[in-house]
Amino acid sequence: MYPNLRVLSRVLPATLGCLGIAACSTPAMRTNASRAAIEVASIQHPHEETAQWWFRSGAAAAAANAPSRAQAKNVIVFVGDGMSIATISAARILDGQRKGGSGEENRLAFETFPASALIRTYETDQQTPDSAGTMTAIMSGIKTRAGVIGIDQAATRGDCASGRGHEVVTALELAAQAGLSTGVVTTTRITHATPAATYGHLPERDWEYDMAIPQRERDAGCVDFARQLVEFPFGGGINVALGGGRTGFMPAEQRDPEYPGLPGKRLDGRDLLAEWQQKDGAAYVWNAQQLAAIDPARTRHLLGLFEPEHMNYENERAQDPAGEPSLTEMTRAALAMLQKNPRGYFLMVEGGRIDHGHHAGNAYRALNETIEFARAVQVANEMTAADDTLILVTADHSHTLTFAGYPARGNPILGKVRGSSGEGLPSGDLARDATGLPYATLAYANGPGYAGASDRQPEGAKHYPHEATAFSAARKGRPNLAEVDTEHPDHEQEATMPLGAETHGGDDVAAFARGPGSAAVRGSMEQNALFHVIAQSNDAIRAQLCKLGACNADGVPVDAPEMGKARQARFKRRADARVKRGSRAEPWWRGKVDSDPTFSRLAGGSTR
């Protein structure tokens with residue numbers, strides 16, 4: 001966020017004059033049969049790619065996929081962080097086996113949705129991506145580089161000044177500006193990369209609280225994600241934010257309510273939790289009991305931060321001292337809040353710890369988190385109607401989990417392979433590798449499960465937690481898994497290559513959808529096109545884009561909106577409200593740009 005950006009006087013009057021609902025009409029989006037195909041320039045990749053090219057190409061792809069015009073009143077985006085296709089397959093089987101079946105025939109809730117697609121996840125500078133760039137693509141329709149959030153690819157990571165004028169407008173910001181209720185739910189810190197990409201803008205994903213930002217970049221005007229969430233300027237603020245990471249909102253002299261030995265992380269002295277509670281109809285909760293006691297009818301803004309850092313894994317949640325809600329419970333609470341708004345709502349829900357289980361080389365936790373994620377999707381499916389709510393389920397990136405061997409039907413997915421070592425007849429015996437050792441169905445291409453000794457655990461099979469910083473080559477080859485319980489929740493699957501943390505994968509992920517607009521989710525799609533499926537399916541978001549000058553003659557948003565104009569629209573909306581109350585005879589911004597430097601400072605943004 002760049003609060004000191006100037007607003008150009010030559011653009012402001014014309015822009016603001018065309019941003020009020022009364023002042024400009026939003027073109028109705030034509031049906032596919034009557035609208036022209038969206039032309040996209042042929043370019044040389046990657047050096048000719050720009051934010052504008054990504055936005056237009058994503059719009060064209062989504063429009064070409066849509067068989068007819070869709071009208072979704074509400075939008076829910078579920079992101080399984082690191083939920084690769086192998087993760088979905090293995091979690092499906094584990095869930096089915098827990099229900100007493102062989103597992104393979106089971107379906108997770110989102111696998112029953114009628115629409116699906118393969119999603120290409122690469123970033124503008126990386127073949128295998130991170131969550132910052134990928135979630136920015138999903139939220140803005142613009143692919144960008146790794147490590148930056150809400151900023152296009154022209155910026156340099158970690159350089160505050162380079163991000164000025166390159167902020168991208170997100171679906172959540174557009175929804176809030178349109179008068180929809182908005183919510184963000186996650187099992188990670190609420191300021192972590194995926195949730196931050198819904199509301200934040202910084203050239204460094206790690207700037208979650210002020211202490212994390214180098215002084216030079218703070219002096220240049222960059223504001224941490226915790227502040228950006230609390231100070232979210234659109235639509236009166238975010239209505240629901242549930243997750244972890246509360247110490248990033250607390251001053252250093254304040255102690256955590258659940259773990260008194262932990263201080264806050266803020267050096268600026270600001271108590272952002274107290275500031276949140278100053279909002280009209282605001283509430284703050286930090287445990288499951290408090291969340292259950294919230295009355296949605298009396299609450300307009302709900303902040304729930306249930307851990308100092310990330311929330312607990314689902315299998316550890318019951319041991320939380322204060323009581324911690326599940327992802328399903330948070331999703332239910334968020335929807336109860338958001339569904340009050342007759343205009344509709346936009347909600348993003350992240351199963352963030354799927355990713356962390358994989359990084360730890362622990363398939364049990366990754367799969368268990370995926371199953372809980374699917375339960376949250378099921379709750380949303382049950383609480384909403386398919387005729388007015390678009391539910392989109394996807395992942396930001398993949399992981400290196402492998403699903404191999406020839407296990408017999410119904411073989412425990414976390415177990416050792418019993419069946420065949422080749423394509424012959426299966427048997428009940430343990431399958432063995434070429435050296436005679438048994439092996440498991442699941443493994444990782446890299447990570448802490450490598451057989452060699454580490455600076456934390458001896459040679460052989462590894463167990464969670466395993467925060468290794470150094471490894472030795474395996475002297476004895478693969479571990480003998482015959483006496484190892486590979487189904488134990490703390491077992492770390494074998495990794496071919498030693499790394500302290502397992503890496504992301506660059507392979508495609510899946511998307512599933514139901515509701516208005518879901519038919520556009522098909523084939524092989526670029527990740528940024530998912531934003532355009534949302535924008536073209538929700539009239540409120542599309543109308544905001546049209547007011548920002550992003551739409552073509554057919555009413556399809558094809559030009560990347562400018563953050564400066566979006567922020568100006570926010571001020572214009574407030575001005576219109578004052579005029580209606582009779583507090584001002586003229587729009588308050590008229591004549592202010594050159595004469596009042598305070599206005600330029602507050603308006604923010606640029607007009608790139």
Side-chain angles (χ1 to χ4, degrees), residues 1 21 73-77 170-186 190-191 195-196 198-200 225-246 249-250 270-306 325 329-350 379-380 383-384 388-389 538 540-541 544 566-567 569-578 580-581 583:
M1 181 179 287
I21 293 176
K73 174 184 174 183
N74 314 303
V75 177
I76 307 175
V77 178
T170 73
L172 185 137
E173 290 169 331
L174 292 163
Q177 186 70 358
L180 305 186
S181 292
T182 54
V184 182
V185 174
T186 181
I190 198 72
T191 51
T198 66
Y199 62 81
F225 288 125
R227 263 189 65 188
Q228 289 191 43
L229 185 147
V230 172
E231 298 175 353
F232 184 76
F234 300 98
I238 294 172
N239 298 99
V240 183
L242 304 175
R246 60 178 170 251
F249 294 74
M250 297 161 41
R270 293 181 61 172
D271 183 348
L272 296 183
L273 302 178
E275 291 183 27
W276 176 278
Q277 294 175 80
Q278 293 171 6
K279 298 174 183 283
D280 183 29
Y284 165 64
V285 298
W286 58 270
N287 61 52
Q289 184 177 4
Q290 292 173 346
L291 178 64
I294 286 293
D295 182 358
R298 297 184 177 183
T299 309
R300 293 182 58 189
H301 299 280
L302 174 62
L303 176 63
L305 300 177
F306 304 103
E329 291 166 342
M330 291 192 292
T331 301
R332 190 185 301 276
L335 285 171
M337 284 277 298
L338 301 177
Q339 287 177 333
K340 299 181 299 180
N341 189 342
R343 294 183 179 180
Y345 55 84
F346 178 93
L347 173 64
M348 191 287 294
V349 180
E350 181 201 20
V379 162
M383 292 181 68
T384 60
D388 70 356
T389 302
N538 181 275
I541 292 175
Q544 281 301 122
R567 289 174 178 163
R570 168 174 60 95
F571 283 97
K572 174 63 167 58
R573 186 175 179 180
R574 291 180 182 177
D576 286 344
R578 292 191 184 101
K580 286 182 179 180
R581 293 195 302 268
S583 59

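- For the residue pair Pro296 and Ala336, the shortest heavy atom distance occurs at CB-O, 3.7 Å.
- Without hydrogens or angle criteria, Asn74 side chain to Tyr345 main chain gives a donor-acceptor distance under 3.5 Å.
- Between the side chain of Lys340 and the backbone N or O of Thr299 there is at least one donor-acceptor pair closer than 3.5 Å.
- Looking only at side-chain heavy atoms (C-beta outward), Leu347 and Thr182 stay at 4.5 Å or farther from each other.
- Note: Leu180 CG to Phe234 CZ = 14.0 Å, rounded to the nearest 0.5 Å.
- Nearest approach of Ile76 to Ala380, heavy atoms of both residues: CD1-CB, 4.1 Å.
- The shortest heavy-atom contact between Ala540 and Ala178 is O-CB, 3.6 Å.
- For the atom pair OG1 of Thr331 and CE of Met383, the computed distance is 9.5 Å after rounding to the nearest 0.5 Å.
- Judged by distance alone, the side chain of Lys279 and the main-chain N or O of Asn239 form no donor-acceptor pair under 3.5 Å.
- Listed here is the closest heavy atom pair of Gln228 and Tyr199: OE1-O, 4.1 Å.
- Closest approach of Ile294 to Ala283, counting heavy atoms only: CD1-CB, 3.8 Å.
- Rounding to the nearest 0.5 Å places OG1 of Thr191 at 8.5 Å from CZ of Phe225.
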Worked check of side chain to side chain contact (heavy atoms under 4.5 Å, CB included) between Phe249 and Asp271: CA-CA 6 Å; Phe249 294 74; Asp271 183 348; over 6 Å; no

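- Between the CG atom in Leu172 and the CD atom in Gln177 there is a gap of 12.0 Å [rounded to 0.5 Å].
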Please report the C-alpha distance between Leu302 and Leu242 in whole Å, then the side-chain angles of each, then the deciding distance to 0.1 Å, and finally whether the side chain to side chain contact (heavy atoms under 4.5 Å, CB included) criterion is met. CA-CA 8 Å; Leu302 174 62; Leu242 304 175; 4.2 Å; yes

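- In the displayed structure, Gln277 atom CD is contacted under 6.0 Å by more than 12 heavy atoms of other residues, nucleotides or ligands.
- Side-chain contact between Pro195 and Met348: present, with at least one pair of heavy atoms (C-beta onward) separated by less than 4.5 Å.
- Leu229 is listed as a side-chain neighbour of Trp276, based on a closest heavy-atom distance under 4.5 Å.
- Ionic pairing of Arg227 and Glu275 is not present here: no N-O contact between side-chain nitrogen and carboxylate oxygen is shorter than 4.0 angstrom.
- The line from CG of Leu303 to CD1 of Ile238 is 9.5 Å long, rounded to the nearest 0.5 Å.
- Met330 approaches Thr186 most closely through the heavy-atom pair CE-O, 3.5 Å.
- Considering only heavy atoms from C-beta on, Met250 stays 4.5 Å or farther from Leu272 through its side chain.
- The shortest distance between side-chain heavy atoms of Tyr284 and Leu305 falls below 4.5 Å.
- Distance CZ/Phe346 to CD/Glu173: 10.5 Å, rounded to 0.5 Å.
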